[in-house]
Amino acid sequence: MDSVGTNRTPLRSAAAAAPATRSSALPWPHCHPAVGNRLAATKLGIAARCGGAGGYFGKVQRFDAARSTTARAQSGKAARSVIREMGHTASDSEMPLKYSSGKAFPLGVSQVDGGLNFAIFSQHASSVTLCLKLPERGTQDDEEIVEFALDRQKNKTGDIWHVSVEGLPASGVLYGYRINGPQGWQQGHRFDDSVILLDPYAKLVSGRKYFGVDKEESSQFFGTYDFDSSPFDWGDDYRLPNLPESDLVIYEMNVRAFTADESSGLGPAVRGSYLGLIDKIPHLLELGVNAVELLPVFEFDELEFKRFPNPRDHMVNTWGYSTINFFAPMSRYASAGGGPVAASKELKKMVKALHNAGIEVILDVVYNHTNEADDANPYMTSFRGIDNKVYYMLDLNNNPQLLNFSGCGNTLNCNHPVVKELVLDSLRHWVKEYHIDGFRFDLASVLCRGPDGSPLDAPPLIKEIAKDSVLSRCKIIAEPWDCGGLYLVGRFPNWDRWAEWNGQYRDDIRRFIKGDPGLKGVFATRVSGSADLYQVNNRKPYDSINFIIAHDGFTLCDLVSYNSKHNDANGECGRDGCNDNYSWNCGVEGETNDLIVRRLRSRQMKNFHVALMISQGTPMMLMGDEYGHTRYGNNNSYGHDTHINNFQWGQLEERKDGHFRFFSEMIKFRHSHPILRRDRFLSKNDVTWHEDCWENQESKFLAFTIHDHNSGGDIYLAFNAHEYFVDAVIPPPPHHKSWSRVVWILWIPTWNHQMILSQKEYYSQIQGIGLLLTLAYCSRQSLSMVKASHSLGSIRIMSI
């Protein structure tokens, strides 16, 4: 009954036969020859070697420096001076920098007795130079970079290069590395020591201050650190929510887009920031969600499309699926251009505020690729220049080119021991430093591939994430496919820990609700927990993350408003985005003033939401669907930092008493009824299917009762996807109970059917919408639930 082939790329590429591309990272492939991320037009010489365990490395006097260099960067990058140690003394006003051999661990920057330790991995490098930008030296127009070349005999242990520096400030220093090595492209190396590279283990990243502002002169990204600030105060009464998986209702959202619009009512300095989200937590509580799944908040370059002229250079990467660094929070989500230190503190404030409201924080993490693109148009910022052969999967039989299972030009070599440890260290950092509750892994099937790209039965990284003690309290969720056709829905290696985005749930629910034939049995399987996919070993119904809408694809409003995608604004002539949307426009393509069509669309959106909220498993909804947000048919809106993606608070207010109330009360209905969120799969005693024509492919009617063995609060549900009435007999309620209608989504507005109101106010608010598509009754003395499924059909209730 599966309606999706196992090799289909789910809502990702435009055509399965075409090379998979995802527009959130890969530059336009046919516009320009390779353009390197050159920091300077002139290649700078390598600094003198350190040569010993002691000595001084300070600012030499300009008049005596025999080989000090100044190079003015091109393409809007600030000028800088490179001062090299030539054996001269430092000026009286500055403390000299004393260096020593340092130690190999931990990687990144760490405090040691008397100084700071810098350590970076590179197996194939022949030379490594530490580059420092000191806060008290240089100006905006003449930024001084102090460079120190590491001695491979004294500053290298195994494949780790390291040095300890005494005399550096405890914060405010920017740093990076120049790394050189074999130049043999055919061996997989991409070394280029003219580029200052970002430390993969940098805990903070400094770049531009303001999101999407391309007038700032420098686009160079440096690592930085802050050992001056006091530890963040989480509060004496602070507690982690630690919600059971079965209780989650997940809200997928974008930090910036949530409050970036002027309609948010926030000041310009706070819009689109971590602090802006805090201001809107009351909305999340009113809606009823208890977990937010944040689109990427790792540092990314939103202006990557503007590096050179191309058909997408008008766009800004607002989704963030193009990671520069796996440890640092997105610095331009800080309020008022506060920078990386402020971003770190404000992210913690946001997490603390969400936790105090009982809302968990799940991060959408992208470990399948980086921002560095492909070999045609590389964007070298870190991994490529540090050790390309280690960090990326390569086709060694093809010159060797980067393998591309991500659709973004490169694929991280996640099961290499060094890369695997990088990913694990990153995850642990977010849990320990930021108190993150869980992770959703973008294109997680990539993490199931070996160095040559072949699928692994027991991927080491996947197993270690499942078994890691620090991550043991976290929700871990896989997007179980990639752009290379490795579709693992229901088959993702899980060790009874991994949950999955259930792409088959999405497709089957969409097709049944819009009236496709032959799907009644599949629909029944999906709403009852997808046991065909997940009832194996010790997996649970909540391991199925049920969703109808996600950031990829149509919004819920667009799902019922467009038959085809409308992506011309993306600059790719409509080639991007998925063609298989399983959508129905209700008779008119796009925006319309036709009142009948608009009412029909409203009912269909409610049908989808009801189906999602009564399904066994973990429901996830998309930000904005609670008021009917539209992207005007764009199903791949990654590059629009506009109203296309931004939450429209004015529209929410206009629809607060109708659409929003319905969505909110359905979520509350789910929270109030444990039988809709079981932690075990349904048995024969848990559900009665009022059905005797399962084999009839033309049947689009389904009715069933979910039984509550503890209190007798049964729920009867009936879905009718036909374009005509279906007579249905409501079964007797449990002993000493009576049916009470909760949801009534009516297609024929002239019906005058007596409502049975629940004793609980919010049930009457739901049914008070006065619509019927899906029918549901609930049998507690205080409630009952009625819904009907298709916008063109209805259910006539017969007395018994």
Applied to residues 624-639, the salt bridge (Lys or Arg N to Asp or Glu O under 4.0 Å) test, sequence neighbours excluded, yields none
Residues pairing under ring-ring contact (aromatic ring centres under 6.0 Å, His included) where one sits in residues 260-282, two or more places apart or in two chains, turn out to be Y274-Y333
Sorted by chain and number, sequence neighbours left out, side-chain hydrogen bond (donor to acceptor under 3.5 Å, both in side chains) with E653 holds for none
Has E262 got more than 12 heavy atoms of other residues, nucleotides or ligands less than 6.0 Å from its CD?
no
In this structure, SG of C448 is separated from CG of L443 (nearest 0.5 Å) by 11.5 Å
To the nearest 0.5 Å, atom SG of C474 lies from atom CG of D468 at 9.0 Å
Report task. Give a yes or no answer on whether the side chain of N645 reaches the backbone of S637 with a donor-acceptor pair at less than 3.5 Å. Result -> yes
| request: Show your reasoning for whether salt bridge (Lys or Arg N to Asp or Glu O under 4.0 Å) applies to E252 and R440. | output: CA-CA 10 Å; E252 191 191 28; R440 177 267 188 188; 5.5 Å; no
The ring pair (Phe, Tyr, Trp, His ring centres under 6.0 Å) partner of F326 among F439, Y201, Y367 is Y367
In Y534, Y487, W498, the residue satisfying ring pair (Phe, Tyr, Trp, His ring centres under 6.0 Å) with F492 is W498
For T411, the side-chain hydrogen bond (donor to acceptor under 3.5 Å, both in side chains) test, sequence neighbours excluded, returns none
For H283, the ring-ring contact (aromatic ring centres under 6.0 Å, His included) test, sequence neighbours excluded, returns F647, W649, F660
Checklist entry - If we ignore angles and hydrogens, is there a donor and acceptor under 3.5 Å between the side chains of S322 and E304? => result yes
Worksheet entry | Candidate pair E665 and K668, rule salt bridge (Lys or Arg N to Asp or Glu O under 4.0 Å), full reasoning | CA-CA 5 Å; E665 301 307 336; K668 294 172 184 176; 3.5 Å; yes
Applying ring-ring contact (aromatic ring centres under 6.0 Å, His included) to W430 and not counting sequence neighbours gives F298, Y434
OG (S544) and CE (M620) are apart, to the nearest 0.5 Å, by 11.0 Å
For this session: Take D507 and Q504, measure what side chain to side chain donor-acceptor pair (under 3.5 Å) needs, and give me the verdict at the end.
Result: CA-CA 5 Å; D507 296 344; Q504 291 187 218; over 6 Å; no
Taken in chain and number order and not counting sequence neighbours, the residues that satisfy salt bridge (Lys or Arg N to Asp or Glu O under 4.0 Å) with E245 are none
| message | Could you go through E302 and T318, starting from their C-alpha distance and side-chain angles, then the distance that decides it, and tell me whether this counts as side chain to side chain donor-acceptor pair (under 3.5 Å)? | response | CA-CA 6 Å; E302 73 278 12; T318 189; over 6 Å; no
Review point. For the residue pair Y627 and H629, does the interplanar ring angle fall in the parallel (under 30°), tilted (30 to 60°) or perpendicular (over 60°) class?
Key: perpendicular
Residue pairs meeting salt bridge (Lys or Arg N to Asp or Glu O under 4.0 Å), one or both in residues 271-283, sequence neighbours left out, come to none
Interatomic distance, CD1@I715 vs CD1@I706, rounded to 0.5 Å, equals 5.5 Å
The salt bridge (Lys or Arg N to Asp or Glu O under 4.0 Å) partners of D425 (sequence neighbours excluded) come to R428
Taken in chain and number order and not counting sequence neighbours, the residues that satisfy salt bridge (Lys or Arg N to Asp or Glu O under 4.0 Å) with D261 are none
Practice problem: State whether the side chain of N368 and the backbone N or O of D442 hold a donor-acceptor pair below 3.5 Å, judged by distance alone. | Solution: yes
Taken in chain and number order and not counting sequence neighbours, the residues that satisfy side chain to side chain contact (heavy atoms under 4.5 Å, CB included) with A336 are A269
By salt bridge (Lys or Arg N to Asp or Glu O under 4.0 Å), D558 pairs with (sequence neighbours left out) none
Paired with F547, the ring pair (Phe, Tyr, Trp, His ring centres under 6.0 Å) test is passed by just one of F608, Y505, Y251, W501, namely W501
So, does T618 use its side chain to make a donor-acceptor pair with the main chain of Y542 at under 3.5 Å? yes
